[in-house]
Novice: 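Below are the structure tokens for one structure; questions will follow.
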Amino acid sequence: MSATIETPKNLTFRRYKDGDNKVKRWNEKIFQSSYSYKCPTYIQSTPPCQGSCPAGEDIRGYLGIVRGTEKVPMGADGKTPIMPWQEYAWRRLTEANPFPAVMGRVCPAPCESGCNRNEVEDHVGINSVEHFLGEYAIANNLKFNKPEVAPTGKKIAVLGGGPAGLSVAYQLTLKGHEVTIFDDHEFLGGMMRYGIPGFRTPRDVLDAEIQRILDLGVKTRMKCHVGKDITMEQIRKEFDAVFLGMGAQAGRALPIADSDAPNVVTATAFLKAFNDGRLQHVGKRVVVVGGGDTSIDVATVARRLGHISQANPTDTELAITGQLAHDVAEISAKEGADVTLTSVFPIDKMQANKHEIEQALAEGIAIKGGLVPVGIVRSADGRATALRVMQCEAKFVSGRLEINNVEGSEQDIEADLIVSAIGQAVDFTGLEEFNNGKGAVSTDRNYVVSGQSGVFAGGDVIRPHLLTTAIGHGSIAADGIHNFLLGMDLEKRPKIDAHQFDLLRKMAEKGLDPKPMEEPTRGTCFTNQAVHNFDNRSDRYIIPHDKLFLGHFGFTPRNVRNVITLDKESALGNFQDRLGVLGEKEAVAEAKRCMSCGMCFECDNCVVYCPQTAVYRVKKTESTLGRYVATDYDKCVGCHICADVCPTGYIQMGLGE
């Protein structure tokens, strides 16, 4: 008699894989005590989420606080936490990124793509927990703590008030420096304000997170373009260091004939006109050329704006160029616009966030992949009436885009407005000395501008990328500027340049920090002068999923934020925030899905499974995160069972090597 046992659909760990034909006996892996010389060590590694985060957030750290693994320090009475855990997690997060509520909405979350939990069932909703913490901070009016250091007397000029400029200003102010931001707009925010529609980054949220930075004492000079209104020579005389964070807010025109037609505009000009309030409606037929996130933003804005049948055909381009402003009262007469988005890549290989592509399709936007623009069809008055495209095959070869056209496949897509969303460019007017000849600024790993002492740069002036990338540039550049101003050598940046858990800081919070070592000494095993059998490899090692014990983790579905999906009709005139926020219980539950890769999360597996009872829990009065368990090496025989059953890979066999 035989029985068939079905494999559960939600199984997360398999001892045997498809194709295995030999029995694996785990007891054969265990060394005899007479042969093994290895014993467990405790190794802090970088989780792939942090290694993938352009802003360098301590993701594992703030998720650990939310889930309750890392406790909030107690106050003087030893019983009451010094702050709520939500605030403690938010402060850990904002050590790297001062914009959690904004990034929690718009960041495409490369951290989630790298998450090891993808090998179990689905990634951790890191972005949604970040969003929750950002909203909590705004709702509870949390502020950044004033710098605890004495003012240095040094002054820094930051050119550009976008994510890179605000990030570097935030970090430098915390280091005791005086920072002045120069920006040629009326308001701060850069592409967060002028390049992303307000229904994705609500202006009250953006303003709240910017105001926190200004409250630290950051100065501003708005509507001031360095290079036009004030020269770099004046800046150099007045300030001790300069940071270039102007961004890339000039759009790239289509590289085809007749792209100078008045109703062929760039995405940056289109979005700025919308965000400034000038653009209230578009033409009946809008064609967007791109395939990235910006093109999706343009298409969804056009879909919401709609068109007015009796409007003057030239009104749209005049509003975009700033020559007129649409009458808001005309909104009631709006009708839906037909919006088409073309990309050289097939839809499944477009550069835009997949979720945003799905939302755009649901709103009735026609997305056509595998098409390259080859010309503009113009009427007698010079305006464009259609975009001529050709089928193509596009791919990246050695980092460069290669497009092969399919001859004889031309077609025309009728249009009243054509928007080029194929990239951005930097405006170097008055700052030509920093242009490397390729429309960008060249820097080293400390973001020092090549051949320019005391001048640093970050964000899109180096290479147009994500908002969170610009935030990371600003944070790293702040370290370099700080060292430069103090006359110190610029330190070599670590291979993995991210904020990390600091065991010594955590031990100091509990009064357990090692004491200074004094000679003579005969070892440290019975003294509080060292951290034993621990190595922090976070600066050079990202722990992969095959170093974890995935069998520990059961199937746990992701807690998903509520997203309002609009259709073709409901999108018209709808400028509300579509992304819901996790509740507190959901945020905690989602944080508990984190596998804490590379750091102990106090599961007790090693204590339970050690056959020699060599692994034991540290006394509560002496324990802290990262020092929850220890090993009695007089008992340890090197069987490495503790390492085999460690879900996070924190225990590795290493002594004796």
Side-chain angles (χ1 to χ4, degrees), residues 37-65 69-70 92-93 95-97 109-120 123-124 126 445-446 468-469 472 475-476 479 491-507 530-553 594-603 605-606 615 624-631 638 640-657:
Y37 58 84
K38 294 184 179 181
C39 286
T41 54
Y42 303 97
I43 307 298
Q44 179 180 333
S45 311
T46 294
C49 57
Q50 285 173 215
S52 305
C53 176
E57 294 176 5
D58 182 8
I59 296 170
R60 180 184 59 205
Y62 67 75
L63 290 180
I65 297 169
T69 304
E70 182 175 350
R92 179 69 58 84
L93 192 169
E95 287 178 2
N97 174 13
C111 56
E112 295 179 350
S113 300
C115 177
N116 276 335
R117 184 102 200 186
N118 285 309
E119 297 296 325
V120 178
H123 63 78
V124 177
I126 300 166
R445 288 202 64 181
N446 284 286
T468 188
T469 303
S475 181
I476 294 171
D479 289 341
E491 59 190 19
K492 181 180 179 182
R493 302 302 303 187
K495 181 179 179 182
I496 303 169
D497 210 342
H499 289 244
Q500 304 287 355
F501 171 73
D502 187 344
L503 178 61
L504 291 179
R505 183 175 74 172
K506 196 66 186 175
M507 294 177 72
V531 179
H532 295 94
N533 311 321
F534 169 81
D535 187 14
N536 184 358
R537 300 178 186 170
S538 299
D539 62 343
R540 58 192 183 278
Y541 177 61
I542 296 176
I543 190 165
H545 67 85
D546 57 6
K547 297 298 182 183
L548 314 179
F549 176 43
L550 297 180
H552 176 84
F553 304 98
C594 173
M595 301 193 298
S596 191
C597 308
M599 172 54 65
C600 174
F601 65 175
E602 304 176 6
C603 70
N605 273 11
C606 52
V615 182
T624 185
L625 183 68
R627 302 305 283 173
Y628 174 72
V629 296
T631 304
H640 66 64
I641 290 177
C642 57
D644 286 343
V645 299
C646 179
T648 70
Y650 186 57
I651 299 178
Q652 297 184 27
M653 306 302 288
L655 289 179
E657 288 186 325

Novice: Output the distance between atom NZ (Lys495) and atom CZ (Arg445), rounded to the nearest 0.5 Å.
Specialist: 10.0 Å
Novice: Would you find a donor on one side and an acceptor on the other, under 3.5 Å apart, between the side chain of Thr41 and the backbone of Gln652?
Specialist: yes
Novice: Among Thr631, Val629, Asp644, Ile641, find the one that has a side chain to side chain contact (heavy atoms under 4.5 Å, CB included) with Cys606.
Specialist: Val629
Novice: Return yes if some donor-acceptor pair links the side-chain N/O of Asn118 with the main-chain N/O of His123 below 3.5 Å, else return no.
Specialist: yes
Novice: Within this structure, what is the CZ-CD distance for the pair Arg505 and Gln500, rounded to the nearest 0.5 Å?
Specialist: 11.5 Å
Novice: Looking at CZ of Phe553 and CG of Leu548, how far apart are the two atoms once the value is rounded to the nearest 0.5 Å?
Specialist: 6.5 Å
Novice: Would you kindly say whether Tyr650 and Ser596 are connected by a side-chain donor-acceptor distance under 3.5 Å?
Specialist: no
Novice: Does the side-chain contact (heavy atoms from CB on, under 4.5 Å) test come out yes or no for Leu625 and Thr69, once each step is laid out?
Specialist: CA-CA 7 Å; Leu625 183 68; Thr69 304; 3.7 Å; yes
Novice: Measure the spacing between CG of Asn97 and OG1 of Thr468 and express it to the nearest 0.5 Å.
Specialist: 5.5 Å
Novice: Short question: side chain of Thr46, backbone of Ser538 - any donor-acceptor pair under 3.5 Å?
Specialist: yes
Novice: Report the distance from atom CD1 of Ile43 to atom CZ of Arg537, rounding to the nearest 0.5 Å.
Specialist: 3.5 Å
Novice: Which of these, Thr648, Val124, Val120, sits in a side chain to side chain contact (heavy atoms under 4.5 Å, CB included) with Met595?
Specialist: Val120
Novice: For the backbone of Ile59 and the side chain of Gln50, can you confirm whether one donor and one acceptor N or O come within less than 3.5 Å of each other?
Specialist: yes
Novice: Quick one: closest heavy-atom pair of Ala55 and Ala96, and the distance?
Specialist: O-CB, 3.7 Å
Novice: Taking the side chain from Glu95 and the backbone from His499, do they hold a donor-acceptor pair closer than 3.5 Å?
Specialist: no
Novice: Please report the shortest heavy-atom distance between Arg540 and Ile496, naming the atom on each side.
Specialist: C-CD1, 3.5 Å
Novice: Output yes when a side-chain donor or acceptor of Arg60 lies under 3.5 Å from a complementary backbone atom of Cys597, and no otherwise.
Specialist: yes
Novice: With rounding to the nearest 0.5 Å, note down the distance linking CD1 in Ile65 to CG in Asp58.
Specialist: 7.5 Å
Novice: How close do Gly114 and Ser52 get, heavy atom to heavy atom, and via which atoms?
Specialist: CA-OG, 4.0 Å
Novice: Taking the side chain from Asn116 and the backbone from Ile543, do they hold a donor-acceptor pair closer than 3.5 Å?
Specialist: yes
Novice: Tell me if a side-chain donor or acceptor on Arg117 pairs with a main-chain N or O of Glu112 at a distance below 3.5 Å.
Specialist: no
